[in-house]
Amino acid sequence: MINVDEILSKLTLEEKIKIVVGVGMPGLLSNPQSRVAGVAGETHPVPRLGLQSAILADGPAGLRINPVRENDKNTYYVTAFPVAVMLASTWNRELLEEVGKAMGEEVREYGVDILLAPAMNIHRNPLCGRNFEYYSEDPLLSGEMAAAFVKGVQSQRVGACPKHFAANNQETNRMSVDTIVSERALREIYLRGFEIAVKKSKPWTIMSAYNKLNGTYCSQNRWLLTKVLREEWGFEGFVMTDWYAGIDPVEQLKAGNDLIMPGKVNQVNPFRKDEIGEITEAVKEGKLSEEVLNECVRNILKVLVNSPSFQNYKYSNTPDLEAHAKIAYKAGVEGAVLLKNEKVLPIDKGAKIAVFGTGQIETIKGGTGSGDTHPRYTIFILEAMRKLGLKVDEELAASYENYIKRMRETEDYKPVQHPWGFLVYPKLSEDFLSEQEIKKLAQRNDLAVIVISRISGEGDDRKAVKGDFYLSDDELKLIQKIAEEFHKAGKKVVVLLNIGSPIEMISWRDFVDGILLIWQAGQETGRIAADLLTGEVNPSGKLPTTFPKDYSDVPSWNFPGEPKDNPDTVIYEEDIYIGYRYYDTFGVEPAYEFGYGLFYTKFQYSDLKVSLDGESVKISYSITNIGERSGKEISQVYVKSPKGKIGKPLQELKAFHKTKLLNPQDREEILIEVPLRDLASFDKEEWVLEKGEYEVRVGASSKDIRLKATFVLNKERRFLP
Ligand code: BGC
């Protein structure tokens, strides 16, 4: 066992400074590629003392490394799992742990030490370009998903890294924008998920965010990184910056940001010196005490001594990709959300299907940026339907294949290389079939399936315009024409949504009979879609985020800040009223509410009992499958607080439960305990729980409340942070 204090006593000042700064972005400019090509960063080794460099790689949907290497005939493909918002749609802690385990095994067996995931910023606004990487608009769901995922990853003896701490809820000017948030909203919403993850799963590391928080860069914010994270929550790992975040490495160390990544900021910013030089100077001039430096080094080494690299672990480069593909598939199936079903789904396996939309071929597996992955394959929707033996209209399929091929060869629609390396596919018009053609298709097929897809990614936010938050004119026309002709012929229409965050649906959902949200489900996306459509498997996901009726309904109206074209500040004026907390409290009807999702079966809720037991509330109820197919129900426990001094949302999610697979007539008894502290609100410097009558509301969604019961708190409680 390596003794950290002993190492510390042997390290020279120069070596210590190197330990707190990464080696520079591997593969960038003159930097050598890492021994695991394509990773995001590496720490400095100290060969004299036998300390290896530790390797850090992204990200939430799978390990991001290069699939091929120079002068090497082996391949290094990984599993592309469903994006985080889809994982959260499962509301299944065990499944998240299983996904984490699988990803952790790939991390370890490909020679990486720390996975830069989970990403867990709150969906403050549906246009944040990275919402697909984040779990939810609700901190409890977010924190629980993250905790389970971290446990899974770290069970493989590698580290996880919840990010981006904190309030990094937009991509616009993410490296400089000053996020102004009340302490209450921070504590109850933006920090809460991290608090749950830190306390429940003890992550090895945390990544501080790019943005400023109430005037100070997160990576230089001592209140955030030391007072809250370490002193209040008991975090014992080390904190690293996001890549090139902040402006002052000395302030970062003083604030409790132990590791500065990726190192060599001067390579990308000509106005900056390298961090090693700046820190060395500060120590020499007495502006940074060696004690502070020692503390950072100690924090880092305490974690890294357990890393595979420090342990000289002999990795195989052959993780079990077959087994992990099955887990990715299972997670996708459980995370798909059935939004509308007018007696159309599941479809008959023998039905003749006309499949529309370029997304049937150009299926989106996930978003772009550091959350991207390189799997061996991505099964596209059409391919999976064919493999399943479904009777797809091959003539129509061929028109799509030809259309896409032809268009992608033209100047305007050629895939173009993004500065970060991935390919961008300019959006094709979806309206290339004539009414006559669609009429014929409606006559010879039993059903239409239309794929609508969207992609977004790191660096840019989405826009509230046609073709992004709204359907483009050509998409809308396609849906209308198909609906008209198919309905005239007495046939039904289903839309498959292959998207990473909410889009507007009110203007078109009435045209179609069924809507299945398959999100961006990773490498198995096509198979997941095909199997769900036919009822091979049952969708059992619910929305972790609200789908508003219109963008103008969204409470974070000032996103992405002021001035609008180039914001330097974003004020969270809506405070704690984010997502359903806003829609419910202010009576704004969403298109699909938080927690919503239909199944192919029905569940009955009964026998709610609520009692106060010391410092917690005990809640029990039963769920019975009263439909004709098996399924898993996600029940949600909301609490409505009495009117008091502190303004509260109409209700807040305080617990949730996903049943095991229930066959028709099966029943499950559920017992949940919620600590009273979790019901409190942050008021000035304390958590306060006012006295009065509390209503426990058990629902199938935030609006579909099935059972209610109350308990009374006779005296106010106060809790320290
Ligand atoms: C992203 C992080 C990521 C890091 C390393 C940054 O641009 O914000 O999420 O982990 O790059 O790739």
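Atoms within a ligand are numbered from 1 in the order they appear, just like the ligands themselves. Heavy atoms only: backbone and side chains are in, while hydrogens, waters and symmetry mates are out.
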Between Glu232 and Arg187, does any side-chain N to carboxylate O distance fall below 4.0 Å?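 Salt bridge: yes.
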
Would Arg69 pass as a cation-pi partner of Tyr76, given that its NZ or CZ must be under 6.0 Å from the six-membered ring centre and within 45 degrees of the axis? yes

Does NZ or CZ of Arg124 lie under 6.0 Å from the centre of the six-membered ring of Tyr572, at an angle within 45° of the ring axis? yes

Does any N or O in the side chain of [X] come within less than 3.5 Å of the main-chain N or O of [Y], such that one atom is a donor and the other an acceptor?
{"X": "Glu97", "Y": "Lys151", "value": "no"}
{"X": "Lys163", "Y": "Leu116", "value": "yes"}
{"X": "Asn66", "Y": "Val68", "value": "no"}
{"X": "Ser201", "Y": "Val198", "value": "no"}

I want to confirm something. Looking only at heavy atoms, which of Asn121, Asp58, Thr241, Asn168 is nearest to atom 10 (O) of ligand 1? Asp58

Nearest heavy atom to atom 8 (O) of ligand 1 wins, so pick from Leu115, Leu56, Val39, Asp242.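 The nearest heavy atom belongs to Asp242.
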
Can a non-hydrogen atom of His164 be found less than 4.0 Å from any atom of ligand 1?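 Yes; His164 lies near enough to ligand 1 that a heavy-atom distance drops under 4.0 Å.
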
Is ligand 1 less than 4.0 angstrom away from at least one heavy atom of Tyr244?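 It does not; every heavy atom stays at 4.0 Å or beyond.
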
Output the list of atoms in ligand 1 that are nearer than 4.0 Å to some heavy atom of [X], sorted by atom number.
{"X": "Met207", "result": "10 (O)"}
{"X": "Leu116", "result": "10 (O)"}
{"X": "Arg174", "result": "7 (O), 8 (O)"}
{"X": "Ser370", "result": "1 (C), 2 (C), 3 (C), 9 (O), 12 (O)"}
{"X": "Arg130", "result": "1 (C), 2 (C), 8 (O), 9 (O)"}
{"X": "Lys163", "result": "2 (C), 3 (C), 9 (O), 10 (O)"}
{"X": "Ala40", "result": "5 (C), 12 (O)"}
{"X": "Arg64", "result": "12 (O)"}

Between Asn125, Asn173, Thr172, which is the residue that forms a side chain to side chain donor-acceptor pair (under 3.5 Å) with Asp461? Thr172

For atom 7 (O) of ligand 1, the closest protein heavy atom turns out to be Glu458 OE2, 2.5 Å

Do Thr216 and Asn221 get their side chains close enough for a donor-acceptor pair, meaning under 3.5 Å? no

Ligand 1-proximal atoms of Met25, by part, heavy-atom distance under 4.0 Å: neither

